[in-house]
Number of protein chains: 2
Amino acid sequence: MTVPKTAADAVKVSRPVAGQDLDASSDDGLLHLGELSGLLGYSLKRAQLRVFEDFLRCVAPLQLTPAQFSVLLLLDQNPGRNQTEIASTLGILRPNFVAMLDALESRELCARMRSASDRRSHILVLTDKGRAVLARAKKLVANKHEARLIELLGPENHAALLEMLAKIAREF
Amino acid sequence: MTVPKTAADAVKVSRPVAGQDLDASSDDGLLHLGELSGLLGYSLKRAQLRVFEDFLRCVAPLQLTPAQFSVLLLLDQNPGRNQTEIASTLGILRPNFVAMLDALESRELCARMRSASDRRSHILVLTDKGRAVLARAKKLVANKHEARLIELLGPENHAALLEMLAKIAREF
DNA sequence: CGATAATTGTTATTAGTTATATCAAACGTC
DNA sequence: GACGTTTGATATAACTAATAACAATTATCG
């Protein structure tokens with residue numbers, strides 16, 4: 001028997017399991033996550049979605065996505081770099097970075113300037129407006145977004161979490 | 001212990017020394033991440049991508065994506081549920097879940113069966129083949145994927161990480 | 001030097017994911 | 001039995017991510 005012919009058959013076939021109802025909910029609408037809750041990737045993705053969602057809310061007045069914010073931050077920290085360098089540092093493919101830059105540039109948050117030493121490449125610079133928006137964004141992120149996370153986890157746990165995630169991204 | 005009380009509890013990974021970060025790279029090709037490394041969302045996404053990538057590698061012989069694996073796991077743990085229940089538990093929108101199920105069903109890993117009590121809904125069941133594939137996948141995930149993560153972080157840190165991510169997904 | 005290879009930004013295109021609106025069939029309720 | 005709701009499904013639109021190719025420029029090296 002590969003596929004049960006009726007729902008009743010199917011339920012019968014599956015092991016109803018004795019007293020393994022430690023979790024909760026056989027009937028209250030909630031489903032058993034089971035080993036899913038032990039899967040790091042699952043929790044990781046779920047948490048990431050929540051965090052991005054909150055980021056968007058907090059920084060909504062400035063109309064910046066997490067990716068755009070990270071570009072502005074990186075430009076501020078690394079003046080004189082070209083598109084390839086910025087994109088690859090952020091894990092963005094060069095072709096996809098073009099449209100991203102177009103959007104930021106059309107809002108006059110940054111600008112492309114032809115390099116004197118290599119006329120193929122564009123040196124990326126923040127405009128004054130870009131710096132101003134970044135400064136405001138940083139405050140919103142720190143005071144509304146990260147502050148809430150730190151409050152939820154506690155400062156030490158928050159730091160430990162960051163450390164572990166960075167380690168995974170670096171060494172895994 | 002739900003969430004470790006201190007960072008020392010939770011993490012033994014090295015902490016960057018103050019000042020080390022100041023000029024990590026002016027010319028060595030590496031860019032300053034700056035405050036980006038303190039942004040939880042950024043590390044979260046980077047780590048999540050790495051973990052999913054490794055998951056895919058480890059479970060490649062079975063041709064299962066993380067999302068597909070999570071569906072099989074959930075079906076195993078929750079017999080007798082319909083599409084809406086499974087999809088919403090996983091945060092998948094019902095329309096998008098249809099194609100996912102089509103794929104799993106075409107591989108005969110699960111099946112839709114009309115419910116006797118409500119002829120609108122499809123009761124989802126794992127097939128024998130589905131259970132077999134799930135069992136093999138669990139082993140691959142545990143022995144190759146999660147084992148490597150636990151080795152990287154240490155068992156306590158790994159548990160603490162899971163706990164914190166779950167907390168974010170739940171309460172943030 | 002000059003031919004060849006490599007790099008930069010770009011375009012086009014494809015695949016993949018996520019979201020919204022709508023539909024027919026079936027159900028619940030009054 | 002009429003009305004609103006739910007379920008699975010379809011179509012479609014946004015958005016993200018990935019690959020191939022191209023012109024302009026630079027680097028390599030015989």
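None of the values given here were measured: they were computed from a predicted structure. Here is how names work: the chains are called A, B, and so on, in the same order as the sequence lines, proteins then strands, and each is numbered from 1.
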Pairwise 5' ranking along DNA chain D for A:Thr65 and A:Arg119, keeping only the more 5' one
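Residue closer to the 5' terminus by nearest nucleotide: A:Thr65.
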How do B:Ser121 and B:Leu49 order along DNA chain D: which one's closest nucleotide is nearer the 5' end?
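Looking at DNA chain D, the more 5' nearest nucleotide goes with B:Ser121.
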Which sits closer to the 5' end of DNA chain C, B:Ser117 or A:Arg114, going by the nucleotide each is nearest to?
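Nearer the 5' end of the strand: A:Arg114.
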Among A:Arg120, A:Arg114, A:His122, the one residue meeting side chain to side chain donor-acceptor pair (under 3.5 Å) with A:Asp118:
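The single option meeting the side chain to side chain donor-acceptor pair (under 3.5 Å) with A:Asp118 is A:Arg120.
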Would one find a side-chain N or O of [X] under 4.0 angstrom from OP1 or OP2 of [N]?
| X | N | value |
| --- | --- | --- |
| A:Gln83 | C:dT7 | no |
| A:Thr84 | C:dT7 | no |
| B:Lys45 | D:dT16 | no |

Please give, in whole Å, the distance from [N] [atom2] to [X] [atom1]?
| X | N | atom1 | atom2 | result |
| --- | --- | --- | --- | --- |
| B:Arg120 | D:dT7 | CZ | P | 6 Å |
| B:Leu56 | D:dA17 | CG | P | 15 Å |
| A:Ile92 | D:dC15 | CD1 | C1' | 14 Å |
| B:Gln68 | C:dG16 | CD | P | 12 Å |
| B:Asn82 | C:dA26 | CG | P | 16 Å |
| A:Glu85 | C:dT7 | CD | C1' | 12 Å |
| B:Phe52 | D:dT16 | CZ | C1' | 15 Å |

Crowding at CZ, B:Arg57 (>12 non-hydrogen neighbours, <6.0 Å):
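More than 12 within 6.0 Å, yes.
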Step through the shown structure and confirm whether more than 12 heavy atoms of other residues, nucleotides or ligands are within 6.0 Å of CD on A:Glu171.
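Enclosed.
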Compare the minimum distances between each of D:dT25, C:dC27, C:dG9 and the side chain of A:Asp118, then state the nucleotide with the smallest one.
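Of all the options, the side chain of A:Asp118 is nearest to D:dT25.
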If you check the B:His122 side chain, which of D:dG8, C:dA25, C:dT10 turns out closest?
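It is D:dG8.
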Residues of residues 93-101 of chain A with any non-hydrogen atom less than 4.0 angstrom from an atom of DNA chain C: list those, numerically ordered, please.
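Residues of residues 93-101 of chain A that come under 4.0 Å of DNA chain C are, in numerical order, A:Arg94, A:Pro95, A:Val98.
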Measuring from A:Glu146:CD to B:Leu40:CG, what's the distance to the nearest 0.5 Å?
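Spacing of CD (A:Glu146) from CG (B:Leu40) equals 6.0 Å.
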Residues B:His32 and A:Asn78: side-chain donor-acceptor under 3.5 angstrom:
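Result is no, nothing qualifies.
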Check whether any side-chain N or O of A:Ser43 sits under 3.5 Å from a backbone N or O of B:Leu162 as a donor-acceptor pair, and report yes or no.
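Not a single qualifying donor-acceptor pair exists.
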Whether B:Asn143 side chain and B:Lys139 backbone form a donor-acceptor pair below 3.5 Å:
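Side chain of B:Asn143 to backbone of B:Lys139, a donor-acceptor pair under 3.5 Å: yes, one is there.
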